[in-house]
Every structure is written in structure tokens, then in C-alpha cells.
Amino acid sequence: MASTSETGHAKNVDNLGLLIANIASYGDRYKPTNPSILLEALKKMEADGRAAVLAVNDAMPIYSRATIERDNAFAPLGQLVTRSLNSLRASSSSEQTDEAASAIVRKIRGNRTTAKAAAATDVKVATVSTSQQSYDSVIDNYERYIQYIAATPEYAPNEEDIKLPVLKALAVDLRAKNTACNNAKVAIDNARMARNRVLYTPLTGLVDVALDAKTYIKSLFGSTSPEYKQVAKIDFTKA
């Protein structure tokens, strides 16, 4: 949720722990009729909230690592397909064959240059970017390009890194890294949704329950009491 940082979520849970410590010190004087703000219920709420926050924290490095690995794998792709395309152009392939391959390569790189301009000059290397197109689209078009050159007899480079088997192996690796990243994104999104339900569901979430407990303490001891003044400073931030 945009209005609360990752640190802010943990702070809400920590502050509930502080509120619980204060409530525990009241002994038998703390006896609300609302079962959700009983001491044991608050302790369970703190445990649930902490587990939900930790689940997000556990998912974050997995997603971060998967993102970095995907970015690193895709980064050289623009240069690689450009070299592969130029190798095809330098062969005895027809102009129509070259232009069809160029059209696919432009989609891989995210270029929006015209076919005429692309044919007239060497295409500049472009880094794969999510602002240009999605990784799913890039890998789909890269696999289309491989299928196309696989069906083009003239494509037979001597350079090892742009030979067809190597390009095919790269496609498998890119697909795997993209899938891993997508799965990690789903996992962290689900963890965040679960955390937000525990912490911020209206009325029953940690924040609203903690605020109810503070209100009861205010009612129990009075708004000017030292007990209430002590807990009044404990903040809970709604997302």
C-alpha cells in the first residue's frame, strides 16, 4: 500500500507490542467487554501481524534476486540479435527474408523505426526495458525470431555465440528466468495482500483493533490519566 512503507508496517506491529506491555501492567483493571481487545486476543493479533510482515520480508529478497537475474540475462539480448541479424544480412539471403527478420528484431528491441530506415542503416543496440515492452513480449518475439532463422537455410554463422543452438539455449534460459521472476512477483504480491488484510482490514485488522484498545484505556482511566497519556503517544498508521 502506497501510504505506508515496509518499515511502517513493521512499526505498527512493534507498537502493538508496546501497547500490550502497557495493558499487561494494568492487571485485573483491564477487562473490556469487546473480545477482540482482550489481552490474549491482542497477543495473538501481534503474532499474526509479525508473521505477515516477516512473510513479505522473506519474499522480497527472492523477488529481488529473480529480477536481477532476469535483467542481467536480458540485457545483452538487443546486441545479440543485432549481430545475428547483421550476419543474416551479410549472407546470400534475399531482401525480403532480411526485412521479415528485421521486423521481428525491431519488436525484440522495442525500436519503432520504419522498415526503410532500418534497412538503410545498422540498427543501434538497445537494452531491453519494461518501459518499451514487457519481458513476456520480448521473449515471445525472440522465440519467433529463432523459429524464423531456423527455417532460413542461409543463416549459418561461424561465430559461436550467434549459432542457432546457442540462440535456442538462450531462449530456454530467458524463458526460465522470466517465469521465475513472474512467480516471485506473484508470491510477494500475495504476501503483501495477506499482510494488509491482517493489519488494515476495517474493524478487525491490527490497526483498528489497537485503536479500539486505546479508546477503551481512555474510557477506563480517563483522558487526562497517566495511563492514557502513556498509550496515547503510541501511533498506529492506517494504510
Side-chain angles (χ1 to χ4, degrees), residues 1-72 130-131 134-136 177-239:
M1 293 187 176
S3 61
T4 305
S5 68
E6 298 298 339
T7 302
H9 301 302
K11 187 64 175 176
N12 279 330
V13 179
D14 291 340
N15 283 350
L16 178 58
L18 179 58
L19 179 62
I20 288 171
N22 279 274
I23 290 172
S25 72
Y26 305 151
D28 292 340
R29 291 178 295 171
Y30 184 85
K31 45 186 177 183
T33 58
N34 182 352
S36 66
I37 61 172
L38 291 171
L39 183 57
E40 290 307 311
L42 293 175
K43 288 179 178 178
K44 182 179 185 307
M45 179 67 74
E46 181 193 11
D48 290 346
R50 199 164 302 283
V53 169
L54 288 175
V56 175
N57 292 343
D58 288 342
M60 285 179 67
I62 297 173
Y63 176 57
S64 178
R65 184 167 58 252
T67 299
I68 291 170
E69 290 178 356
R70 181 177 68 177
D71 287 347
N72 289 341
T130 53
S131 66
S134 71
Y135 287 98
D136 291 337
K177 285 183 168 59
N178 189 49
T179 298
C181 193
N182 289 340
N183 290 342
K185 180 65 164 58
V186 170
I188 194 170
D189 285 347
N190 287 341
R192 283 173 171 153
M193 287 188 290
R195 176 204 60 201
N196 292 341
R197 283 193 296 270
V198 172
L199 269 61
Y200 305 113
T201 296
L203 302 180
T204 61
L206 182 149
V207 169
D208 278 0
V209 169
L211 293 174
D212 286 344
K214 288 177 63 175
T215 300
Y216 173 71
I217 294 167
K218 184 178 182 180
S219 171
L220 176 63
F221 295 107
S223 60
T224 60
S225 66
E227 288 87 354
Y228 178 68
K229 287 182 179 180
Q230 193 169 25
V231 300
K233 299 179 292 184
I234 304 174
D235 290 328
F236 295 92
T237 304
K238 291 188 177 183

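We count residues from 1, following the sequence as given. In this text the structure is predicted, and so the values were computed from the model without any measurement.
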K.L.:
Sequence neighbours left out, cut at 3.5 Å: what donor-acceptor pairs do the side chains of residues 183-190 make with other protein atoms?
P.N.:
{"unit_1": "N183", "atom_1": "ND2", "unit_2": "T179", "atom_2": "O", "d": "3.4"}
{"unit_1": "K185", "atom_1": "NZ", "unit_2": "D189", "atom_2": "OD1", "d": "3.2"}
{"unit_1": "K185", "atom_1": "NZ", "unit_2": "D189", "atom_2": "OD2", "d": "2.7"}
{"unit_1": "N190", "atom_1": "ND2", "unit_2": "V186", "atom_2": "O", "d": "3.4"}

K.L.:
Assess the side chains of D136 and N178: does a donor N or O sit below 3.5 Å from an acceptor N or O?
P.N.:
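Yes - a donor-acceptor pair under 3.5 Å links their side chains.
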K.L.:
Kindly indicate whether the side chain of K218, heavy atoms from C-beta on, has any atom under 4.5 Å from the side chain of V231.
P.N.:
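Side-chain contact under 4.5 Å: no.
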K.L.:
Using residues 50-65 as the side-chain source, report each donor-acceptor pair under 3.5 Å to any protein atom, sequence neighbours left out, with the distance given to one decimal.
P.N.:
{"unit_1": "R50", "atom_1": "NH1", "unit_2": "D14", "atom_2": "OD1", "d": "3.0"}
{"unit_1": "R50", "atom_1": "NH2", "unit_2": "D14", "atom_2": "OD1", "d": "3.2"}
{"unit_1": "R50", "atom_1": "NH2", "unit_2": "E46", "atom_2": "OE2", "d": "3.3"}

K.L.:
Indicate every side-chain donor-acceptor pair of residues 33-41 with a distance under 3.5 Å to a residue at least two apart or in another chain.
P.N.:
{"unit_1": "N34", "atom_1": "OD1", "unit_2": "S36", "atom_2": "N", "d": "3.0"}
{"unit_1": "N34", "atom_1": "OD1", "unit_2": "S36", "atom_2": "OG", "d": "2.8"}
{"unit_1": "N34", "atom_1": "ND2", "unit_2": "S36", "atom_2": "OG", "d": "3.2"}

K.L.:
Within the 4.5 Å heavy-atom criterion, are N72 and I68 side-chain neighbours or not?
P.N.:
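Side-chain contact under 4.5 Å: yes.
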K.L.:
Who pairs with K177 by salt bridge (charged side-chain N to carboxylate O under 4.0 Å, His left out), at least two apart in sequence or on another chain?
P.N.:
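In terms of salt bridge (charged side-chain N to carboxylate O under 4.0 Å, His left out), with neighbours along the sequence ignored, K177 is linked to D173.
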K.L.:
I'd like to check the side chain to side chain donor-acceptor pair (under 3.5 Å) partners of K11; sequence neighbours left out, ordered by chain and number.
P.N.:
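Here no residue qualifies.
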K.L.:
Could you check whether any side-chain N or O of N196 sits under 3.5 Å from a backbone N or O of R192, counting only pairs where one atom can act as donor and the other as acceptor?
P.N.:
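Side chain of N196 to backbone of R192, a donor-acceptor pair under 3.5 Å: yes, one is there.
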K.L.:
Scan the side chains in residues 18-27 for donor-acceptor partners under 3.5 Å anywhere in the protein, sequence neighbours excluded, and list what turns up.
P.N.:
{"unit_1": "N22", "atom_1": "ND2", "unit_2": "L18", "atom_2": "O", "d": "2.9"}
{"unit_1": "S25", "atom_1": "OG", "unit_2": "N22", "atom_2": "O", "d": "2.5"}

K.L.:
Identify every side-chain donor-acceptor pair in residues 209-217 under 3.5 Å, counting partners at least two apart or on other chains, and give the distances.
P.N.:
{"unit_1": "K214", "atom_1": "NZ", "unit_2": "A232", "atom_2": "O", "d": "3.4"}
{"unit_1": "K214", "atom_1": "NZ", "unit_2": "I234", "atom_2": "O", "d": "2.7"}
{"unit_1": "T215", "atom_1": "OG1", "unit_2": "L211", "atom_2": "O", "d": "3.0"}
{"unit_1": "Y216", "atom_1": "OH", "unit_2": "K31", "atom_2": "N", "d": "3.3"}
{"unit_1": "Y216", "atom_1": "OH", "unit_2": "K31", "atom_2": "O", "d": "3.3"}

K.L.:
Using the test salt bridge (charged side-chain N to carboxylate O under 4.0 Å, His left out), find all partners of D71 that sit at least two apart in sequence or belong to another chain.
P.N.:
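Applying salt bridge (charged side-chain N to carboxylate O under 4.0 Å, His left out) to D71 gives none.
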K.L.:
Kindly state each residue pair satisfying salt bridge (Lys or Arg N to Asp or Glu O under 4.0 Å) with at least one member in residues 222-231, sequence neighbours excluded.
P.N.:
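The answer is R29-E227.
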K.L.:
Just verifying a value: how many Å separate L16 CG and F236 CZ, rounded to the nearest 0.5 Å?
P.N.:
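Here the rounded value is 5.5 Å.
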K.L.:
Working to the nearest 0.5 angstrom, can you tell me the gap between L206 CG and D48 CG?
P.N.:
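Going from the CG atom of L206 to the CG atom of D48 covers 9.0 Å.
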K.L.:
Please tell me if the side chains of Y135 and N182 come closer than 4.5 Å, counting only heavy atoms from C-beta onward.
P.N.:
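No, side chains not in contact.
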